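One structure below.
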Amino acid sequence: MGIRAAESPARSKKQRLTIDMRTSATSRMVLTWHPIFEATDREVWQEIATYGLEYHPVYDALIPRLSCVFCVLAPFAVLVRAARLCWALGLPLPARYRDLEAKIGHRFKQSHSLAEVYAEAERLEREEGPLTWNRGDAIRQHLGAGEADDYLARGALAA
């Protein structure tokens, strides 16, 4: 599995290689291996760029983790960006989640509500305009423009 120790305190306590006792049996041993467990964000993106590997386009919108749109583990700024990404893609999710939060009477997180996320996303849309991104922006963010240009050029040659 592609989890990394740096992603959370709970993950950092896991081991790189373990025996899965739940699925192992007398006749078979099942191992759980985390091949990029010690890798940094930069090292992961360097591998992607070096080998021309595909990655999900949501990373180019500078969403750092591919998960639920409104992940309870995501920081406020990422939730705001996720709302703006939904709008750019024509998805009604931010309003639905904001309205559901109001209907059930519970905040999304103790630190902030989805209504606050929505309001900040609206403010940024007014100030900056709609969210935009380009293929290679994730590599550009992690490794620089030269690496992103090289990655994109290799992809164009392969096509």
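Not measured: the values here are computed from a predicted model. As a basis for the values below, the full set of heavy atoms in this structure was taken, side chains included, without hydrogen atoms, waters or symmetry mates. Note that the numbering runs from 1 along the sequence shown for the chain.
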Roughly how far, to the nearest 0.5 Å, is [atom2] of [Y] from [atom1] of [X]?
X	Y	atom1	atom2	result
K109	C71	NZ	SG	7.5 Å
D60	T132	CG	OG1	11.5 Å
L53	E47	CG	CD	7.5 Å
I63	L131	CD1	CG	7.5 Å
T18	H34	OG1	NE2	5.5 Å
H106	L114	NE2	CG	13.5 Å

Side chain to side chain contact (heavy atoms under 4.5 Å, CB included) evaluation trace for L31 with I19: CA-CA 5 Å; L31 300 175; I19 298 172; 3.8 Å; yes

The single option from K14, R4, R16, R11 passing salt bridge (charged side-chain N to carboxylate O under 4.0 Å, His left out) against E38: R16

R123 bridged to E120 by N-O distance under 4.0 Å: yes

Report yes or no: do [X] and [Y] belong to one cluster of Ile/Leu/Val/Met/Phe/Trp/Tyr joined by side chain heavy-atom distances under 4.5 Å?
X	Y	result
V117	L124	yes
V78	L89	yes
L79	V72	yes
F108	I104	no
L62	L85	no

Using atom types as modelled and distance alone, determine if a side-chain donor or acceptor of [X] lies under 3.5 Å from a backbone N or O of [Y].
X	Y	answer
R28	T23	yes
E147	Q46	no
E116	S113	yes
R135	L152	no
D149	G146	no

Residue from L66, V44, I48 passing side-chain contact (heavy atoms from CB on, under 4.5 Å) with Y55: I48

Sub-4.5 Å side-chain heavy-atom contact between V69 and C86: yes

Qualifying residues under ring pair (Phe, Tyr, Trp, His ring centres under 6.0 Å), relative to F76, sequence neighbours excluded: H112

Set of residues satisfying ring pair (Phe, Tyr, Trp, His ring centres under 6.0 Å) with respect to Y97, sequence neighbours excluded: F70

All salt bridge (Lys or Arg N to Asp or Glu O under 4.0 Å) counterparts of R96, not counting sequence neighbours: none

Least distance between heavy atoms, [X] atom then [Y] atom:
X	Y	answer
P94	L91	CD-O, 3.7 Å
A121	R84	CB-CG, 3.8 Å
Y151	E54	OH-CA, 4.0 Å

Proximity of Y59 and W133 rings by center, below 6.0 Å: no

